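First comes the structure, then the notes that go with it.
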Amino acid sequence: MRLRPLARADLPSGSVSLARFLIGTVLVHEDAGIQRIGRIVETEAYPPGDQAAHAYIGKTARNASLFLERGHAYVYLSYGIHWLFNVSGEGAGIGGGALVRALEPLAGLDRATNGPGRLTVAMSIDRRFDGVDLCARGPLWLGSIERPPARIVTSKRIGISKAVDRPWRFAERDNPYVSR
DNA sequence: TGAAAGATTCGCT
DNA sequence: GCGAATCTTTCAG
């Protein structure tokens with residue numbers, strides 16, 4: 001497996017484009033010699049102006065990471081139980097991003113990764129990584145591997161109550177690790 | 001200062 | 001299929 005880090009210039013600007021782009025890329029967490037790698041197979045976009053997005057209400061202490069330049073991590077606690085991992089997708093000062101909903105385990109993962117709350121457990125991602133630059137040298141970063149291009153299917157987002165009809169969920173077709 | 005809702009998951013019916 | 005778990009954020013009073 002040839003693995004290389006993604007530079008910020010590799011990432012498309014705009015949360016919807018980024019969410020689509022992320023399908024097929026990999027997330028890497030290196031921690032004390034342990035390497036955990038998951039291939040992203042399902043995402044959802046939460047662009048500026050989206051009523052379902054955390055950034056919709058403006059910048060707050062919680063969602064500040066969504067307002068960082070594209071390629072930064074936004075990690076928050078959902079339902080008091082689950083950490084959810086997002087990648088910011090706009091320019092600095094603009095709030096938007098992509099939620100990563102499922103991974104295909106490639107290395108170091110021995111727990112289920114089909115679901116946004118479960119993949120963070122498997123990858124050992126929590127609040128420590130909120131605001132981390134995923135395009136920088138660090139313990140958590142985005143990469144690409146050599147593999148045939150992902151075949152992507154689009155659908156409505158899951159688990160939200162506003163703007164439910166937007167086709168902003170992306171998943172790799174027929175991948176068994178996609179949630180549900 | 002209090003209360004309600006939330007980008008989920010798991011267990012039981 | 002439905003409700004509980006669990007706690008932070010946000011908004012109302």
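None of the values given here were measured: they were computed from a predicted structure. Chain A is the first sequence line, chain B the second, and so forth, proteins listed ahead of strands; every chain is numbered from 1.
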Next item on the list: Check whether any side-chain heavy atom of S144(A) sits under 4.5 Å from a side-chain heavy atom of R4(A), and report yes or no.
Entry: yes
Notebook entry, point to check: If we only count heavy atoms from C-beta on, is the Y56(A) to K162(A) side-chain gap below 4.5 Å?
Noted result: no
Check: Starting at the 5' end of DNA chain C, which residue's closest nucleotide do you reach first, Y79(A) or I57(A)?
Finding: Y79(A)
Margin query: Check whether Y46(A) forms a cation-pi arrangement with R157(A) (NZ or CZ under 6.0 Å from the six-membered ring centre, at most 45° off the ring normal).
Written below: yes
Notebook entry, point to check: In Watson-Crick or G-U wobble terms, both distances under 3.5 Å, what is the partner of dA7(B)?
Noted result: none
Next item on the list: May I have the distance from K162(A) (atom NZ) to dG6(B) (atom P), rounded to whole angstrom?
Entry: 7 Å
Checklist line | Close side-chain approach of F170(A) to V16(A), heavy-atom, < 4.5 Å | finding: yes
Next item on the list: Take atom CG of L84(A) and atom P of dC7(C), then tell me their distance rounded to the nearest Å.
Entry: 16 Å
Next item on the list: Using atom CG of N63(A) as one end and atom C1' of dC11(C) as the other, report the distance to the nearest whole Å.
Entry: 15 Å
Next item on the list: Between dA5(B) and dG3(C), how far apart are the C1' atoms? Round to whole Å, please.
Entry: 16 Å
Next item on the list: Give the rounded distance in Å between these two atoms: CG of L66(A) and P of dA7(B).
Entry: 12 Å
Check: Closer than 4.0 Å, any side-chain N/O of R101(A) to the OP1 or OP2 of dT8(B)?
Finding: yes
Note to self: Work out how far the P atom of dA4(B) is from that of dA4(C), and round it to whole angstrom.
What the structure shows: 15 Å
Check: Where do L142(A) and L27(A) land on the side chain to side chain contact (heavy atoms under 4.5 Å, CB included) test, with the steps shown first?
Finding: CA-CA 5 Å; L142(A) 286 169; L27(A) 183 63; 4.1 Å; yes
Margin query: If you assign G115(A) and G80(A) each to the DNA chain B nucleotide with the nearest heavy atom, which residue ends up on the more 5' nucleotide?
Written below: G80(A)
Next item on the list: Tell me what N86(A) touches on the nucleic acid: a base, only sugar-phosphate, or nothing, going by heavy atoms under 4.0 Å.
Entry: base
Item checked: Within-4.5 Å side-chain heavy-atom neighbours: V75(A) and T120(A) -> no
Notebook entry, point to check: How long is the line joining OH of Y76(A) and P of dT9(C), in whole Å?
Noted result: 12 Å
Next item on the list: Scan R157(A) against the nucleic acid and name what it touches under 4.0 Å (heavy atoms): base, sugar-phosphate only, or nothing.
Entry: nothing
Next item on the list: Could you work out which one of dT9(C), dG6(B), dC10(B) sits closest to the side chain of R62(A)?
Entry: dT9(C)
Margin query: With a cut-off of less than 4.0 Å, is there a side-chain N or O of S161(A) near OP1 or OP2 of dG6(B)?
Written below: yes
Check: Between dA7(B) atom C1' and F170(A) atom CZ, what is the distance in whole Å?
Finding: 15 Å
Check: Atom CD of Q51(A) and atom C1' of dA5(B): how far apart are they, to the nearest Å?
Finding: 16 Å
Note to self: Nearest to the side chain of I81(A), heavy atoms from C-beta on, is which of dT8(B), dA5(C), dT10(C)?
What the structure shows: dA5(C)
Item checked: L77(A) CG to dT10(C) P, straight-line distance once rounded to whole Å -> 13 Å
Margin query: Go nucleotide by nucleotide along DNA chain C from the 5' end; which of H82(A) and R127(A) gets its closest nucleotide reached first?
Written below: H82(A)
Item checked: Assigned partner base of dT6(C), Watson-Crick or wobble definition, under 3.5 Å -> none
